[in-house]
Amino acid sequence: MFDSLQERLSGVFDKLTRRGALSEADVTAALREVRVALLEADVALPVVKDFIDGVREKAVGQEVLRSVTPGQMVVKVVHDHLVETLGATSVGLDLRASAPVGIMLVGLQGSGKTTSCAKIARRLQERERKKVLMASLDVRRPAAQEQLKVLGEQAGVATLRIVPGEPPVAIAKRAMQSGALEGYDVVMLDTAGRLAIDEELMAEVAAVRDAAKPHESLLVADAMTGQDAVTVADAFKQRVDLTGIVLTRVDGDARGGAALSMRAVTGCPIKLIGVGEKLDALEDFHPDRVASRILG
Ligand code: GDP
């Protein structure tokens with residue numbers, strides 16, 4: 001991800017840093033190119049606009065233009081703004097609640113929800129020594145519950161016993177009860193997805209949230225879907241008070257727009273990123289590292 005954006009920006013900044021003195025017009029011209037590069041990377045238009053305005057305000061001041069290395073100063077301003085847009089600091093999962101801590105995953109079908117559920121559970125067990133129970137609430141897609149069970153076996157994570165015909169809210173309640181009775185630290189609820197956002201999906205997710213009262217409600221979104229991922233995040237946020245985002249397929253050749261827009265549009269932090277199909281392909285999201293990667 002970010003390869004073409006990085007290439008475009010390094011061209012712009014090479015030109016800028018090679019020059020000695022810079023005029024306001026030079027900076028404006030460079031920012032015009034940055035704007036085009038961000039739009040081509042599929043970053044949401046309002047986010048691009050705010051970004052460029054913010055950078056311009058800081059970069060055309062005398063402090064920057066009169067400095068010994070104005071080009072590098074401009075690049076630094078861009079870097080700092082990128083970090084800010086991406087969410088400033090790395091935000092991890094919040095497990096500070098009484099056990100069992102509920103973590104609900106929501107998102108469209110195919111976004112990587114079930115895989116991410118198993119990845120997160122595995123990580124909490126292995127790294128943080130938490131005892132985790134996973135439950136699939138997807139009663140609509142045939143074999144969805146079975147898929148989570150298989151992933152649980154691969155990851156060494158327990159899954160809630162499947163009761164055929166049980167509705168999602170009842171499964172969620174049973175999962176939280178089993179979690180409490182059997183001494184689990186964390187209960188993960190993998191909700192059903194749809195091909196597109198619809199009222200039925202939202203009502204189901206909201207009902208599960210009301211019944212299980214999860215401490216974390218994470219949206220799983222596919223980075224490859226660009227601006228659509230941001231629209232989906234916004235829609236879920238209106239209904240379920242998302243606490244964070246898991247951005248998947250960051251290992252693919254997505255242009256990066258989703259990662260860049262997500263925080264600014266939804267106000268929700270990207271907490272984790274999926275970087276492959278394997279169960280250990282999950283990483284923390286570090287705004288500063290991402291910004292440094294984008295700027296080469
Ligand atoms: P769900 O319908 O949202 O539960 O999606 P799944 O978890 O079944 O994932 C759909 C497909 O995406 C599967 O083939 C996963 O292996 C794949 N997948 C999930 N996350 C990632 C990721 O971060 N990177 C890559 N390359 N593939 C992923």
Side-chain angles (χ1 to χ4, degrees), residues 1-3 92-93 103-124 132-157 159-160 162 168 171-172 175 187-198 200-202 204-205 208-209 214 216-226 228-233 235-236 240 242 244-260 262 269-286 289-290 293:
M1 199 159 76
F2 298 125
D3 288 349
L93 291 180
I103 300 180
M104 177 174 79
L105 298 183
V106 302
L108 296 185
Q109 192 175 310
S111 59
K113 219 168 353 79
T114 304
T115 312
S116 299
C117 182
K119 285 178 177 178
I120 294 169
R122 179 182 178 276
R123 177 192 244 234
L124 292 176
V132 185
L133 176 68
M134 303 193 289
S136 168
L137 278 49
D138 189 350
V139 297
R140 208 153 290 141
R141 192 160 60 91
Q145 291 178 294
E146 198 59 36
Q147 183 194 349
L148 188 68
K149 184 168 172 247
V150 171
L151 285 174
E153 281 159 11
Q154 285 170 15
V157 177
T159 44
L160 187 73
I162 298 169
I171 303 176
V187 172
M188 306 214 41
L189 304 172
D190 182 22
T191 64
R194 297 277 196 289
L195 291 173
I197 300 254
D198 61 39
E200 207 190 336
L201 167 68
M202 287 302 180
E204 182 177 307
V205 167
V208 168
R209 189 257 336 258
E216 285 270 16
S217 298
L218 304 174
L219 173 83
V220 180
D222 179 353
M224 302 291 283
T225 60
D228 281 346
V230 182
T231 311
V232 166
F236 273 99
V240 282
L242 296 177
I245 290 160
V246 181
L247 198 62
T248 61
R249 297 213 182 82
V250 170
D251 52 309
D253 58 357
R255 287 173 288 175
L260 272 162
M262 213 45 121
I270 297 175
K271 293 196 166 180
L272 295 160
I273 52 173
V275 293
E277 295 197 32
K278 295 216 179 98
L279 292 177
D280 61 356
L282 183 76
E283 293 177 5
D284 294 321
F285 182 73
H286 293 287
R289 287 189 209 161
V290 174
R293 242 205 86 204

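When a ligand or atom number is given, it counts from 1 through the structure's own listing order.
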> Which pair of non-hydrogen atoms, one from Leu218 and one from Leu242, has the smallest distance, and what is that distance?
Replying inline: C-CD2, 4.4 Å
>> Checking the side chain of Ser116 only, and the main-chain atoms of Gly112 only, is there a donor and an acceptor separated by less than 3.5 Å?
In response: yes
> Which heavy atom of the protein is the closest neighbour of atom 16 (O) of ligand 1, given with residue, atom name and distance?
Replying inline: Glu277 OE1, 3.1 Å
> Heavy-atom contacts under 4.0 Å between Val220 and ligand 1: side chain, backbone, both, or neither?
Replying inline: neither
> Of Leu160, Val157, Thr159, which is the lone residue that meets side-chain contact (heavy atoms from CB on, under 4.5 Å) with Leu133?
Replying inline: Leu160
> Quick one: nearest non-hydrogen protein atom to atom 13 (C) of ligand 1, plus distance?
Replying inline: Thr115 OG1, 4.4 Å
> How does Lys119 reach ligand 1, if at all, at less than 4.0 Å between non-hydrogen atoms: by side chain, backbone, both, or neither?
Replying inline: side chain
>> Would Ser111 count as a contact residue for ligand 1, given that I'm defining contact as a non-hydrogen atom of the residue lying under 4.0 Å from a ligand atom?
In response: yes
>> Between Leu105 and Glu216, does the side chain to side chain contact (heavy atoms under 4.5 Å, CB included) criterion hold? Intermediate values first, please.
In response: CA-CA 8 Å; Leu105 298 183; Glu216 285 270 16; over 6 Å; no
>> Taking 4.0 angstrom as the limit and counting only heavy atoms of Gly112, give me the atoms of ligand 1 inside it, by number and element.
In response: 1 (P), 3 (O), 5 (O), 6 (P), 7 (O), 9 (O), 19 (C)
>> Within the structure, is a non-hydrogen atom of Gly252 found at a distance of less than 4.0 Å from ligand 1?
In response: no
> Charged N to carboxylate O below 4.0 Å: is that the case for Asp251 and Lys278?
Replying inline: no
>> Can you name the atoms of ligand 1, numbered from 1 with element, that are less than 4.0 Å from a heavy atom of Gln109?
In response: 2 (O)
> Can you list the ligand 1 atoms lying under 4.0 Å from a non-hydrogen atom of Val275?
Replying inline: 23 (O)
>> Ignoring hydrogens, what is the shortest heavy-atom contact between Ala229 and Asp222? Give both atom names and the distance.
In response: CB-O, 3.7 Å
>> Testing the basics here: between Val232 and Leu108, what is the closest heavy-atom pair and its distance to 0.1 Å?
In response: CG2-CD1, 3.6 Å
>> Check whether Arg140 reaches the backbone of Arg194 with its side chain - one donor and one acceptor, N or O, closer than 3.5 Å.
In response: no
> Which ligand 1 atoms does Gly110 reach within 4.0 Å, using its non-hydrogen atoms?
Replying inline: 1 (P), 2 (O), 3 (O), 5 (O)
> At under 4.0 Å between heavy atoms, which part of Asp251 makes contact with ligand 1: side chain, backbone, both or neither?
Replying inline: side chain
> Using heavy atoms and a threshold below 4.0 Å, how should the contact between Leu108 and ligand 1 be classified: side chain, backbone, both, or neither?
Replying inline: backbone
> Pick one: which of Leu272, Ile120, Thr191, Thr248 meets side-chain contact (heavy atoms from CB on, under 4.5 Å) with Val220?
Replying inline: Thr248
> Heavy atoms only: which of Gln147, Arg194, Arg249 is nearest to atom 12 (O) of ligand 1?
Replying inline: Arg249
>> Would Gly276 count as a contact residue for ligand 1, given that I'm defining contact as a non-hydrogen atom of the residue lying under 4.0 Å from a ligand atom?
In response: yes
> Would you say the side-chain atoms of Lys271 pair up with the backbone N or O of Asp284, donor to acceptor, closer than 3.5 Å?
Replying inline: no
> Which ligand 1 atoms are under 4.0 Å away from a heavy-atom of Gly274?
Replying inline: 23 (O)
>> Checking a contact table here: which protein heavy atom is nearest atom 3 (O) of ligand 1, and how many Å away?
In response: Lys113 N, 2.8 Å
